[in-house]
Amino acid sequence: MAKTISAPRGTRDLLPEEAAAWNRVEAVARDLSRRYAFERIETPLFERVELFARGLGESSAAVEKEMFRVSGATGSDEERAEWALRPEPTAGIVRAFIEHGMHVRPGPLRLSLIGPMFRYDRPQAGRFRQFSQWDVEVVGDPGPAVDAEVIELAHRFYTEVGLTDVVVHLNSIGDAVCRPAYRQALVDYFSVHIERLTDDSRRRLQVNPLRVLDDKMLAADLTEGAPKSADHLCDECRAHFRQVLDLLDTLGVRHIVDHRLVRGLDYYTRTAFEFVIAGREGQQQALGGGGRYDGLVELLGGRATPGIGFGIGLDRVVIAMQEQGVSLPQASDLVAVVGFADDHADRLRVAGQLRDAGIAVRPDGSSRKLGKQLEAAAKVGAGWAVIVGEELRTGLVGLKNLHSGEQDSVAVEDVAARVSEGSALP
RNA sequence: GUGGCCUUAGCUCAAUCGGUAGAGCAUCGGAUUGUGGCUCCGAAGGUUACGGGUUCAAGCCCCGUAGGCCACCCCA
């Protein structure tokens, strides 16, 4: 045997046995996108490094150490530009929004995508270098109602996918008006305790003081004693946050205000949130997160436009579904077509007729004895076997229920109806 | 980027003191020519992750590399 090649580190193959869970997750995401009137958008899997550096912030972990760089080909300047696989979808969507002049469209714009993201960090439970997200963005709506609607949408997603105990943690981190003062308050506070900070936090204090709150290495009393952004909000931000919380109460969305939640990306303003499984502290408990980014469009060269959105990590959702034992009903309306000797023409013709009628068919292509074919049919999960034999001359085939063993002779055109009655559940 | 544990058949695992690789499950075939699931018989499947070292002899001891798992940072 030739030397084998394995999947790249931090990536994995989606095998057929996991398909049911992924199908469910993607189906719910697509259906909710439809019901909440989001339109599909697709952006490239790679963009210029500069887009992410400017959009997410130079000091964000995603840019600082997790950028998955694409080595450019030789040739033109275009090809030699620095590219990176997208670590998150928002920057690309905002880039497209600006590039296509989408601000002139009747708004607010509601955009959604499902696709892979890439971060070059070390693989771990629930963390991969390639992972999948469902992302939704509302661009052009500054009001708190849309914050609540979007959070409620994510919450509904978790429920419909079958998960329980998912709660939203949220915070308001202010805006261009009040953040500078809060920022200074943090600098003042942490400067007093500079000897208790980690090297990393001392650096963050210079670059982005909010992210010192994110440093889990610091003693709890140090971060809990730090100034809270909620206490430093300007009147507008305070009112906005208050309304978001009230609306979530009205909608019955369980939420917890977390003063340490600042989020890893620099573009967030006002509302920031994260979805976690209650009681699962420590490891990769975040199932999704997002927030408002009222300054991002302008930062990337567009005219000032508010935005809000979230990304949900579908890999982690699938893992959580497995952990919680979410049941995924297996339809067994698959029909195997078996027959005798070399009557493949008959089998394929019958298979075609059944497919015309809309059912899933798997003809046996072998000339094995009938018993082997039936055994194989049951093993691949068929609920029914259609046995093609002499009676086909009169339009009849044997229809055998592979779970009960019952069998009778039916007309080919009646098979589909019998199968869709769906009595073949195991 | 840092640390710990690990790597033998497709999967889960054995292999005594260092003595030349085994089981269960799964797969495929058979058990008197047209009816599966149970049972029985049989076959196939390995450069013991890769590379080097020590030794008469290495799956086992030593070094390196890669990969996996777990945790930290951070996040989805």
Side-chain angles (χ1 to χ4, degrees), chain A residues 1-12 15 17 25 56 59-66 86-90 115-135 154 198-201 203-204 211 213-218 261-265 272-277 282-290 310-320 336 338-341 343 364 366-391 398-408 426:
Chain A
M1 271 211 299
K3 193 175 167 189
T4 58
I5 296 171
S6 53
R9 180 166 206 193
T11 69
R12 55 212 182 116
L15 301 179
E17 51 269 32
V25 160
L56 317 192
S59 71
S60 65
V63 168
E64 211 168 47
K65 67 167 195 176
E66 295 169 1
R86 62 183 185 195
E88 60 87 58
T90 308
M117 306 297 154
F118 305 85
R119 291 183 200 174
Y120 196 81
D121 56 5
R122 199 138 153 198
Q124 192 185 147
R127 171 187 294 165
F128 311 99
R129 286 183 173 178
Q130 177 178 335
F131 57 98
S132 194
Q133 277 193 357
W134 173 42
D135 182 75
T198 58
D199 289 348
D200 195 34
S201 278
R203 201 173 42 74
R204 290 182 193 183
R211 300 199 62 248
L213 291 175
D214 232 5
D215 191 339
K216 313 289 195 294
M217 299 297 276
L218 298 182
L261 179 63
V262 295
R263 303 286 298 158
L265 309 179
F273 53 90
E274 227 169 72
F275 294 91
V276 304
I277 296 183
Q283 330 96 291
Q284 281 63 45
Q285 53 170 338
L287 292 182
F310 64 71
I312 288 179
L314 302 185
D315 301 74
R316 289 187 182 175
V317 169
V318 168
I319 290 168
V338 301
F340 302 99
D343 61 351
D364 191 310
S366 78
S367 301
R368 294 176 291 183
K369 59 204 283 188
L370 194 63
K372 283 292 174 190
Q373 293 184 45
L374 288 170
E375 186 182 347
K379 275 182 184 168
V380 298
W384 305 84
V386 162
I387 302 166
V388 175
E390 287 295 317
E391 318 81 65
L399 178 62
K400 186 181 181 79
N401 182 318
L402 290 173
H403 301 298
S404 67
E406 290 166 29
Q407 175 179 343
D408 43 6

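Everything numeric here is computed off the predicted structure, so don't read it as measured data. A note on names: the letters A, B, ... follow the listed sequences, proteins ahead of strands, and every chain is numbered from 1.
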(message) Tell me if the centroids of the rings in A:Phe118 and A:Tyr120 come within less than 6.0 Å of each other.
(response) no

(message) For A:Arg129, is there an ion pair with A:Asp121 - N to carboxylate O distance below 4.0 angstrom?
(response) no

(message) Rounding to an integer number of angstrom, what distance separates B:U7 and B:G51 when you compare their C1' atoms?
(response) 15 Å

(request) Can you tell me, in whole Å, how much space there is between the P of B:C62 and that of B:G4? (result) 16 Å

(message) As an exercise, state the distance from CG of A:Leu287 to CZ of A:Phe275, rounded to the nearest 0.5 Å.
(response) 9.5 Å

(message) Can a donor-acceptor pair be found, under 3.5 Å and without considering hydrogens, that links the side chain of A:Arg316 to the backbone of A:Gly126?
(response) yes

(message) Treating A:Arg9 as the side-chain partner and A:Pro123 as the backbone partner, does any N or O pair qualify as donor plus acceptor under 3.5 Å?
(response) no

(request) Report the distance from atom CZ of A:Arg127 to atom C1' of B:C69, rounded to the nearest whole Å. (result) 14 Å

(message) Between B:A9 and B:A21, how far apart are the two C1' atoms, rounded to whole Å?
(response) 10 Å

(request) Using a strict cut-off of less than 4.0 Å between a Lys/Arg side-chain nitrogen and an Asp/Glu carboxylate oxygen, indicate whether A:Asp364 and A:Lys372 qualify as a salt bridge. (result) no

(message) Any base atoms under 4.0 Å from A:Gly339, or only sugar-phosphate, or nothing? Heavy atoms, all strands.
(response) nothing

(request) Give the rounded distance in Å between these two atoms: CD of A:Gln130 and C1' of B:A76. (result) 13 Å

(request) Could you tell me which nucleotide pairs with B:A43 by Watson-Crick or G-U wobble geometry, both distances under 3.5 Å, or answer none if nothing does? (result) B:U27

(request) Check whether any side-chain N or O of A:Gln124 sits under 4.0 Å from OP1 or OP2 of B:C70, and answer yes or no. (result) no

(message) Distance check, P atoms only: B:A15 and B:G53, in whole angstrom units.
(response) 28 Å

(request) Could you check how far CZ of A:Arg122 sits from P of B:C75, rounded to whole Å? (result) 19 Å

(message) Check the phosphate of B:G29 against A:Arg368, side-chain N and O only, distance under 4.0 Å to OP1 or OP2. Yes or no?
(response) yes

(request) Could you state the atom-to-atom distance from CD of A:Gln373 to P of B:U35 in whole Å? (result) 12 Å

(request) Could you tell me whether the side chain of A:Gln133 and the main chain of A:Met117 form a donor-acceptor pair under 3.5 Å? (result) no

(message) Measuring only the C1' atom in each nucleotide, how far is B:U65 from B:C6? A whole number of Å is fine.
(response) 16 Å

(request) May I ask you to evaluate whether A:Arg9 reaches the phosphate of B:G67, defined as a side-chain N or O under 4.0 Å from OP1 or OP2? (result) yes

(message) Between B:G45 and B:G22, how many Å separate the two C1' atoms, rounded to a whole number?
(response) 13 Å

(request) For nucleotides B:A23 and B:C61, find the distance between their C1' atoms and express it as a whole number of Å. (result) 27 Å

(request) For A:Lys379, report the nucleic acid contact type (base, sugar-phosphate, nothing); a contact means any heavy atom under 4.0 Å. (result) sugar-phosphate

(request) Measure from CG on A:Asn401 to C1' on B:G37 and round the result to the nearest Å. (result) 13 Å

(request) Both distances under 3.5 Å, Watson-Crick or G-U wobble: report the partner of B:C13, or none. (result) B:G22

(message) Checking A:Asp315 against A:Arg12 for the salt bridge (charged side-chain N to carboxylate O under 4.0 Å, His left out) test, could you report, in this order, the C-alpha distance in whole Å, the side-chain angles of both residues, the deciding distance, and whether it holds?
(response) CA-CA 11 Å; A:Asp315 301 74; A:Arg12 55 212 182 116; 2.6 Å; yes

(request) Examine distances only and state if a side-chain atom of A:Arg86 and a backbone atom of A:Pro116 form a donor-acceptor pair shorter than 3.5 Å. (result) yes

Could you list the protein-to-nucleotides 30-34 of chain B atom pairs, N/O on both sides, closer than 3.5 Å?
from	atom 1	to	atom 2	distance (Å)
B:A31	OP2	A:Lys369	NZ	3.3

(request) May I ask which nucleotide in the shown strands pairs with B:U65, Watson-Crick or G-U wobble, both distances under 3.5 Å? (result) B:A49

(request) Between A:Leu402 and A:Phe275, name the one whose nearest nucleotide on RNA chain B is closer to the 5' end. (result) A:Leu402

(request) Determine the Euclidean distance between corresponding P atoms of B:C17 and B:G24; express it in Å to zero decimal places. (result) 25 Å

(message) Only pairs with both distances under 3.5 Å count, Watson-Crick or wobble alike; so what is the partner of B:A58 in this structure?
(response) none

(request) Return the 5'-most residue of the pair A:Ile312, A:Thr11 with respect to RNA chain B, ranking by each residue's nearest nucleotide. (result) A:Thr11

(request) Nearest whole angstrom, please: distance from the C1' of B:G1 to the CZ of A:Arg129. (result) 11 Å

(request) Starting at atom CZ of A:Phe310, determine the distance to atom C1' of B:C75, rounded to an integer number of angstrom. (result) 17 Å

(message) Any base atoms under 4.0 Å from A:Gly405, or only sugar-phosphate, or nothing? Heavy atoms, all strands.
(response) base

(message) How many whole angstroms separate atom CG of A:Asp121 from atom C1' of B:C75?
(response) 8 Å

(request) Hunt down the Watson-Crick or G-U wobble partner of B:C72, both distances under 3.5 Å, from any strand shown, or write none. (result) B:G1

